[in-house]
Amino acid sequence: MTESSGPRVAVFAPSPALVCTFEYADDDGKDVDIALNVGGQGPWVARAVSALGATPVLVVPLGGDTGRAAHHLLINEGLDLRAVDVQAAIACFVEERRHGERSCIRDARPGRFGQREIDEIYSAGLSAALDAEVCIITGSPWEDHLDPTLITRLCGDLAELGRPTVADLSGEQLDAALEGGVDWLKIAHDELALDDPEGAPDDALWAEVERLAGAGGHTRNVIVSRSADEPALALVDGHRSLVTAPRLTPVDSRGSGDTMTAALAVGVAEGRPIDELLRRAAAAGAANAVHKGSASPHPSLVAHLAPEVRVERLDGAGGTPEG
């Protein structure tokens, strides 16, 4: 990854993971490639930000032997790394891929942060966001790993300081961000607070999207990513849209939602018109799924796919995103 001359996008990434992947080319296991990298939502989003032409400012706590190894890997990626030294080791996964299918062999969850470490992580996140045009807030898959008040503090203070935010969270961490206030929310379809998101009627889906848009007393834009067979739902400046990307043959869809989040943030930082922003976000998610590797869309493919994305305005509105 090389540093871009594009806008700066801060990525708050409290839950990195050291990932070792064994990739087998055949059944006998004799031909194997081994890859060691830093995964987790935040680093994936940061790589997508870079691929899309912006400069990621990655805020990440690193501790233990796994954190030290991750630090060496990250400093070679050419991003603006804001590492926070903590005592607790970061998570570690050992996985294998056979016939295109990925499975986890062993995993170790991260340790807990101390209160002073939480304050250091918060301060680093706030500083990085103020050095950037927009800040992406990611979370942790282990809800008891991260004190949700950290997210509320960060989102609330960034709102007070007028720095645009894009959040991609779920569960208690999502509620914490909504309480603090975010400008853009990207959420996966299956994370909606509905008994059966897959089978919910359109009216119920839009009602939940509108609830999220106004939760916590803040007005925000909401994007709901869905499977490749279903259009994304977008509520931007109070107007509903369906966003449909071309159906391409998937190779590895992991990280496509994170890629969409990155594209939204880059588009906001660049001040793109709403339709163009939505097209590029959907195109980035589709481009990520056609090759191996999480959140690493080919920028030329994104540029070519974006005009093929259909944005259907359900109320005929248009404009340029605020914030």
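Nothing fancy with the numbering, it's 1 onward along the sequence. Computed from a prediction, not measured in an experiment: that's the story for all the values here.
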**OP:** Indicate yes or no for a side-chain donor-acceptor contact from Thr152 to the backbone of Ala177 under 3.5 Å, with no hydrogens or angles considered.
**Re:** no
Original post:
With distance as the sole test, does Asp183 use its side chain to make a donor-acceptor pair with the main-chain N or O of Thr165 at under 3.5 Å?
Top reply: yes
Subject >> Atom pair CD1/CG of Ile90 and Leu62 - distance to nearest 0.5 Å >> reply: 5.5 Å
**OP:** Tell me, with the steps shown, if Arg211 and Glu208 meet salt bridge (charged side-chain N to carboxylate O under 4.0 Å, His left out).
**Re:** CA-CA 5 Å; Arg211 182 192 72 80; Glu208 175 61 11; 2.8 Å; yes
Subject >> Polar side-chain atom of Arg163 near backbone of Leu130 as donor-acceptor pair, under 3.5 Å >> reply: yes
Original post:
Is Glu276 paired with Arg279 through a side-chain N to carboxylate O contact shorter than 4.0 Å?
Top reply: no
Original post:
Does atom CD of Gln87 have more than 12 heavy-atom neighbours from other groups under 6.0 Å away?
Top reply: no
Original post:
In terms of side-chain geometry, is the basic nitrogen of Arg313 or Asp275 positioned less than 4.0 Å from the acidic oxygen of its partner?
Top reply: yes
Original post:
Does His189 offer a backbone N or O that forms a donor-acceptor pair with the side chain of Arg226 under 3.5 Å?
Top reply: no
Original post:
Is it true that atom CG of Asp144 has more than 12 heavy atoms of other residues, nucleotides or ligands lying nearer than 6.0 Å?
Top reply: yes
**OP:** Without swapping roles, check the side chain of Thr21 against the backbone of Glu95 for a donor-acceptor pair under 3.5 Å.
**Re:** no
**OP:** Would you mind checking if Asp80 and Arg82 are paired as a salt bridge, meaning a charged N to carboxylate O distance below 4.0 Å?
**Re:** yes
Original post:
Do NZ/NE/NH1/NH2 and the carboxylate oxygens of Arg153 and Asp119 come within less than 4.0 Å?
Top reply: yes
Subject >> Arg8 side-chain N/O to Asp131 backbone N/O, donor-acceptor pair under 3.5 Å >> reply: yes
Subject >> Side chain to side chain, Val309 and Pro246, heavy atoms closer than 4.5 Å >> reply: yes
Original post:
Quick one: CD1 on Ile118 to OG on Ser123, what's the gap to the nearest 0.5 Å?
Top reply: 12.0 Å
**OP:** Any chance you could measure Phe113, atom CZ, to Leu150, atom CG, to the nearest 0.5 Å?
**Re:** 8.5 Å
Original post:
Donor-acceptor pair, Thr261 side chain versus Gly257 backbone, under 3.5 Å?
Top reply: yes
Original post:
Would one find more than 12 heavy atoms of other residues, nucleotides or ligands at under 6.0 Å from atom NE2 of His298?
Top reply: no
Original post:
To the nearest 0.5 Å, how far apart are CE in Met260 and CD1 in Ile223?
Top reply: 8.0 Å
Subject >> Result of checking Asp202, Leu235, Leu233, Val209 against Arg240 for side-chain contact (heavy atoms from CB on, under 4.5 Å) >> reply: Leu235
**OP:** Please confirm whether the backbone N or O of Pro148 pairs with a side-chain atom of Glu172, one donor and one acceptor, at under 3.5 Å?
**Re:** no
Subject >> Parallel, tilted or perpendicular: ring planes of Trp142 versus Phe93, cut at 30 and 60 degrees >> reply: parallel
Subject >> Nearest-0.5 Å distance that lies between atom CG in Asn288 and atom CG in Asp258 >> reply: 8.5 Å
